[in-house]
Amino acid sequence: MISRSLGPEFGGAVGLCFYLGTTFAGAMYILGAIEILLMYIAPDAAIFKAKGLEGEGAAMLNNMRIYGSICLLLMSLLVFVGVKYVNKLASIFLACVIVSIVSIYVGALVSAFKPPNFPVCMLGNRTINAHDLEDRQCAKTIMLQIKEQAERENSNFTFTNENGTVAPTLDPGHVLVEKTTYIWSRFCQNAELNASCDEYFMSNNFSNIEGIPGLASGIISENLWSAYLSKGDVVEKAAMSSSHVIHPSSTRQPYVFADITTSFTLLVGIFFPSVTGIMAGSNRSGDLKDAQRSIPIGTILAILTTSIVYLSSVVLFGSCIEGVVLRDKFGDSVQGNLVVGTLAWPTPWVIVVGSFFSTCGAGLQSLTGAPRLLQAIAKDNIIPFLRVFGHGKANGEPTWALLLTALIAELGILIASLDLVAPILTMFFLMCYLFVNLACALQTLLRTPNWRPRFSYYHWTLSFLGMTICLALMFISSWYYAIVAMVIAGMIYKYIEYHGAEKEWGDGIRGLSLSAARYALLRLEEGPPHTKNWRPQLLVLLKLDEDAHVKSPRLLTFASQLKAGKGLTIVGTVVSGNFLQSYGEALAAEQTLKHLMDKERVKGFCQCIVAQKPREGISHMIQSSGLGGMKPNTVVMGWPHAWRQSEDPQSWKTFINTVRVTTAAHLALLVPKNISLFPSNSEPCTEGYIDVWWIVHDGGMLMLLPFLLRQHKVWRKCGMRIFTVAQMEDNSIQMKKDLATFLYHLRIEAEVEVVEMHDSDISAYTYERTLMMEQRSQMLRQMRLSKSDRDREGNPGSSSSESRPEAGGATRSQAQLVKDRNSMLRLTSIGSDDDDDTDGGERDRVVNSGGGGGGGGGGGGSSEHHRRVQMTWTKEKSSQYRAAHSGCSTPEGFRDMLSIRPDHSNVRRMHTAVKLNEVIVNKSHDARVVLLNMPGPPRNTDGDENYMEFLEVLTEGLERVLLVRGGGSEVITIYS
């Protein structure tokens, strides 16, 4: 019932706790039956005999263990044979219980006219332990008749004088002698009349009161109010007079002491297990013919019956029995006699037999219900290791579950004393009732369409009130046991959540989550988030290959490190094609993303869009991802690897188009370059630096990202360095102070350094790099024109078919020519270390031998292979370079490429990129990751390739780079 209403986690956790409570309750009932057997029915049947008063408790526990184990075995065999026999015995047990209850009511009425003789010995107002009255004399001294020959004779005592001395009727030839009783020696140093005695003993006299004065005695007026005792207090009758001698009572004296400190909360915990049987019918719902009809009627009648019996019994006991007897836990004042048995009519055996059968019946019900509860949990298959207990006999009897239940109950019987275990059983039952009430209230409040209760007088406030009372009782009775029970249930809940089988039962928690999500989304719509609440809500764009495998899974790893498991993450991909034909492919891609997210432990959602063109799909995804206030504010995508070598320019054109779309949508953009070199989540933490090159203020993204990365274990040991660039006219010292102050107010620890950039002439390397870039762009435009011409000549014919291989060969040779020329230029640059500087424009440049120079690996490679080169553009070198290439044969239409002059603005941009890259590589070559401002793309799409080349030059020679582009809003503030 709980699992279907609140979910498998709650149902499994509370169900297992309820199962353990029911099982240990069965052990407690069996121990109660054995205690009645050994104390009142057959006290001579004890196997272990007590050796003195100290060994009495241990002998009793050992006897209870042996007889309890035998009783548990017999009951388990009876349950194993079949539940129908248990039902037949239940009728007999119920008859005995009813007879016992009726005998109590009749005995209470009879006591109004003829109260039973049930004396209790008192010293002043203190109760005396009757076990210490060995000579049965509730007096200080007695008068004995002694013959002249000093023979001692037995005699019948007739009265007690005012001094507490008992005197017999004097026979002829005898003399009276005053003799001390046994109890005198317990209060005095010896049995002599002149011995030194306890002050309270000497000041007060002994008296006998009736332990059961009867219904007409008016004793209820004394018992109406509470009288809680502390441990070690003497049980006293407040209405009796006594001397006001303030003298601490000693446990050595024969009083009746309270063995524990009592309170209302403690008594609630002790009493509550007696009302936990009301769910017995629900536990056996599988054996009921019409459970829908029987369970409500049976449960309500059980509650009414037990409430009436318990409440009326409390009132009757308070009206008939003396208060000191009621507070005497072990019956020491009445020599251990059964008080209720004495009150009952016609004989105490009615109560003894009825109590024995009642506890046996309750134990049988527990051993019947608990295995079925465990079997139901096992059949739900929400806890993997319990599956074996879902099987049983052919008729459905839970054999394996019964065996486990018997073993757990045996543990409780071996403990023998369940005083410490009983409170936690109370907690388990209370937790079950609490969640039953919560389930009903939740279903009503959520207005679940399938929640249609038959009970006409039901209202959700009743369930809420019951839930509140259960929670209050848990902490009132024992707050530490309540915490223990909740911890156990919480551990089971988490186990089911992480290792249990996933079940979808349409539970109320799911509905509650939907309602809470709807409420939260509507609240988020009320206004834009404050800067203090800004956090990166990521949209991670992944690309799949032909086999539906993710090309850059490390991109998702980086996203998980950035989020540290918090916030919104949407992982998206675009499948090319038509939605009607590619729906299955889209589902497969979505499953691939989900598996990768589980592997990387990324909490979020995945989205797959089918579109004719990837750039259109990405644009649609950026526009439509998220819901309400939970929309992504940051896009993460990979750098187009080896874009120079790609024959299809769509990859890097899609990249630039995505940059433009994110800018238009005012979203932040993160582009990790060389993503395969970024650390995985399993790599050990290593010390290093996260370098931030703060060129342009972007709302604080560059400041916030290192802080977020350092929350993850992989980056936790990394320090943070912030570099900013100053021109010659700037005050670099003041800039450093201002930046350090800004970081101090942001509460971010980082080293600050201001790098000065000097104006300088354009180097030969910069000029040649720009020339290479423009020549490559022109070549690609020629190739695209050639391809469009060939597409227009697409009619099948001999002439066109012959021209296509020729044109294709020309295209390949042209690409090879430019690639070879770029490589030659790079080699020439590396070999010119000893060239003289003729025009004052000498510059140092770090060139990566693994890529960088056109057609290379996109700036990849290790910084260990860097070499410093000097190169200045001169007329002499220009003529040498042209002479060296004058003999190269070029295809028709491309000969003018070698004679073009680079655009001046492109040269200046390249110069800036080269100089900035030189400074960054010099300062951050050993950083674990470098964060850079990402410049915006050109407005004119003709310069897209130049833009890619500028970014390549800017990041060349760096191992791990994160290009950052802000979304146009402040994301960090000094206020917390």
Side-chain angles (χ1 to χ4, degrees), residues 39 53 56 111 115-141 160 163-164 166 180-188 197-214 217-263 266-267 270 314 317-343:
M39 290 187 67
L53 291 175
E56 186 176 349
S111 69
N117 183 25
F118 205 55
V120 176
C121 183
M122 306 289 293
L123 176 62
N125 65 350
R126 296 180 179 179
T127 311
I128 297 297
N129 190 332
H131 294 293
D132 289 308
L133 299 176
E134 289 189 358
D135 47 8
R136 301 290 186 272
Q137 303 297 333
C138 183
K140 296 179 181 178
T141 59
T160 304
N163 296 324
V166 180
T180 60
T181 59
Y182 172 78
I183 204 168
W184 176 285
S185 61
R186 298 296 307 275
F187 286 98
C188 303
C197 298
D198 179 75
E199 188 175 358
Y200 186 87
F201 174 76
M202 298 302 296
S203 304
N204 292 276
N205 295 322
F206 283 98
S207 61
N208 277 315
I209 63 172
E210 285 297 331
I212 304 178
S217 63
I219 194 70
I220 191 172
S221 60
E222 294 182 20
N223 295 333
L224 198 59
W225 311 111
S226 60
Y228 298 114
L229 300 175
S230 298
K231 184 178 181 179
D233 287 352
V234 178
V235 178
E236 298 179 347
K237 181 176 172 62
M240 289 185 67
S241 61
S242 65
S243 65
H244 299 287
V245 177
I246 302 174
H247 190 273
S249 56
S250 170
T251 55
R252 187 181 60 84
Q253 295 167 347
Y255 294 124
V256 176
F257 295 98
D259 66 325
I260 56 173
T261 300
T262 55
S263 62
L266 179 77
L267 296 180
I270 293 173
V314 169
F317 292 160
S319 303
C320 299
I321 304 173
E322 180 62 51
V324 292
V325 179
L326 290 174
R327 289 191 292 275
D328 182 3
K329 179 178 176 181
F330 300 104
D332 292 331
S333 61
V334 292
Q335 292 186 332
N337 287 317
L338 196 61
V339 179
V340 182
T342 307
L343 176 65

Nearest-0.5 Å distance, [atom1] of residue [X] to [atom2] of residue [Y]:
X    : Y    : atom1 : atom2 : answer
D198 : R186 : CG    : CZ    : 12.0 Å
F257 : N129 : CZ    : CG    : 9.0 Å
F317 : I219 : CZ    : CD1   : 15.5 Å
N205 : S242 : CG    : OG    : 11.5 Å

S263 meets the side chain to side chain contact (heavy atoms under 4.5 Å, CB included) criterion, sequence neighbours left out, with T265, L266
Going by the rule side chain to side chain contact (heavy atoms under 4.5 Å, CB included), which residues pair with T261 if we only count those two or more places apart in sequence or in a different chain?
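Expected list: S230, K231.
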Treating S185 as the side-chain partner and T181 as the backbone partner, does any N or O pair qualify as donor plus acceptor under 3.5 Å?
no
* To do: Look only at the side chain of S319 and the backbone of I220, and say whether a donor-acceptor pair between them is shorter than 3.5 Å.
  =>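 No, S319 side chain to I220 backbone: no donor-acceptor pair under 3.5 Å.
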Report, one line per pair, each donor and acceptor closer than 3.5 Å where one atom sits in a side chain of residues 320-328; sequence neighbours left out.
| from | atom 1 | to | atom 2 | distance (Å) |
| --- | --- | --- | --- | --- |
| E322 | OE1 | K237 | NZ | 3.3 |
| E322 | OE2 | K237 | NZ | 2.7 |
| R327 | NH2 | E236 | O | 3.3 |
| D328 | OD1 | G331 | N | 3.3 |
| D328 | OD1 | D332 | N | 3.3 |
| D328 | OD2 | D332 | N | 2.8 |
| D328 | OD2 | S333 | N | 2.6 |
| D328 | OD2 | S333 | OG | 2.8 |

| request: Step by step, work out the side-chain contact (heavy atoms from CB on, under 4.5 Å) result for V235 and R126. | output: CA-CA 6 Å; V235 178; R126 296 180 179 179; over 6 Å; no
Do [X] and [Y] touch side chain to side chain, with heavy atoms closer than 4.5 Å?
X    : Y    : value
S207 : M240 : yes
V234 : T127 : no
F118 : V339 : yes
C138 : I128 : no

So which heavy atom on [X] is nearest to which on [Y], and how close?
X    : Y    : result
C121 : N208 : CA-OD1, 3.6 Å
Y200 : G124 : OH-CA, 3.8 Å
A130 : Q335 : CB-CG, 3.3 Å
C197 : W184 : SG-CZ2, 3.7 Å
P213 : P115 : O-CB, 3.6 Å

Contacts of F187 meeting ring pair (Phe, Tyr, Trp, His ring centres under 6.0 Å) (sequence neighbours excluded), chain-then-number -> F201, Y255
Residues passing the side-chain hydrogen bond (donor to acceptor under 3.5 Å, both in side chains) test with D259, sequence neighbours excluded, are K329
